[in-house]
Amino acid sequence: MSHLLLAGLAVAVLVPASVPLAVVTGAVLYVHVVTDVAWDIRRLGRRTDVSTDEIVPSNR
(Lines give C-alpha, C1' and ligand atoms only; values in the text may rest on other atoms or scores of the structure.)
Protein backbone atom coordinates (compact mmCIF):
# COMPACT_ATOMS: atom_id res chain seq x y z
CA MET A 1 0.00 0.00 0.00
CA SER A 2 2.84 2.39 0.77
CA HIS A 3 4.20 1.89 -2.75
CA LEU A 4 0.91 3.06 -4.24
CA LEU A 5 0.76 6.12 -2.04
CA LEU A 6 4.36 7.10 -2.74
CA ALA A 7 3.97 6.50 -6.47
CA GLY A 8 0.93 8.75 -6.63
CA LEU A 9 2.68 11.43 -4.63
CA ALA A 10 5.85 11.23 -6.76
CA VAL A 11 3.91 11.54 -10.02
CA ALA A 12 1.82 14.45 -8.69
CA VAL A 13 4.95 16.30 -7.59
CA LEU A 14 6.71 15.71 -10.92
CA VAL A 15 3.84 16.76 -13.22
CA PRO A 16 4.43 20.52 -12.82
CA ALA A 17 8.15 20.10 -13.47
CA SER A 18 8.03 17.64 -16.38
CA VAL A 19 5.07 15.67 -17.69
CA PRO A 20 7.23 13.16 -19.60
CA LEU A 21 9.30 12.48 -16.48
CA ALA A 22 6.10 12.03 -14.46
CA VAL A 23 4.78 9.53 -17.03
CA VAL A 24 8.03 7.52 -17.02
CA THR A 25 8.16 7.57 -13.22
CA GLY A 26 4.54 6.43 -13.01
CA ALA A 27 5.17 3.59 -15.47
CA VAL A 28 8.28 2.39 -13.65
CA LEU A 29 6.55 2.49 -10.27
CA TYR A 30 3.49 0.71 -11.72
CA VAL A 31 5.67 -2.14 -13.01
CA HIS A 32 7.41 -2.28 -9.64
CA VAL A 33 4.12 -2.62 -7.75
CA VAL A 34 2.82 -5.28 -10.18
CA THR A 35 5.99 -7.35 -9.81
CA ASP A 36 5.77 -7.05 -6.01
CA VAL A 37 2.21 -8.37 -6.11
CA ALA A 38 3.21 -11.19 -8.48
CA TRP A 39 6.04 -12.16 -6.13
CA ASP A 40 3.66 -12.23 -3.15
CA ILE A 41 1.15 -14.36 -5.07
CA ARG A 42 3.91 -16.77 -6.07
CA ARG A 43 5.04 -17.11 -2.46
CA LEU A 44 1.47 -17.71 -1.29
CA GLY A 45 0.94 -20.25 -4.07
CA ARG A 46 3.83 -22.32 -2.78
CA ARG A 47 2.24 -22.17 0.70
CA THR A 48 5.52 -21.42 2.39
CA ASP A 49 5.84 -19.52 5.62
CA VAL A 50 9.36 -18.31 4.91
CA SER A 51 10.97 -17.54 1.59
CA THR A 52 14.52 -18.56 0.78
CA ASP A 53 15.68 -14.96 1.03
CA GLU A 54 14.72 -14.65 4.69
CA ILE A 55 16.95 -15.85 7.50
CA VAL A 56 15.28 -17.67 10.37
CA PRO A 57 17.21 -18.17 13.61
CA SER A 58 17.54 -21.76 14.75
CA ASN A 59 15.77 -22.73 17.98
CA ARG A 60 18.18 -25.57 18.70
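As the structure is a prediction and not an experimental result, all values here were calculated from the model. Computed over heavy atoms, backbone and side chain alike; hydrogens, waters and symmetry mates excluded.
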| note | Residue pairs passing the ring pair (Phe, Tyr, Trp, His ring centres under 6.0 Å) test with at least one member in residues 6-33, sequence neighbours excluded, are H3-H32
| Smallest separation among heavy atoms of A10 and L29, with atom names | CB-CD1, 4.4 Å
Sequence neighbours excluded and cut-off under 3.5 Å, please list the side-chain donor-acceptor pairs for residues 13-27, or say none.
from: S18; atom 1: OG; to: L21; atom 2: N; distance (Å): 3.3
from: T25; atom 1: OG1; to: L21; atom 2: O; distance (Å): 2.8

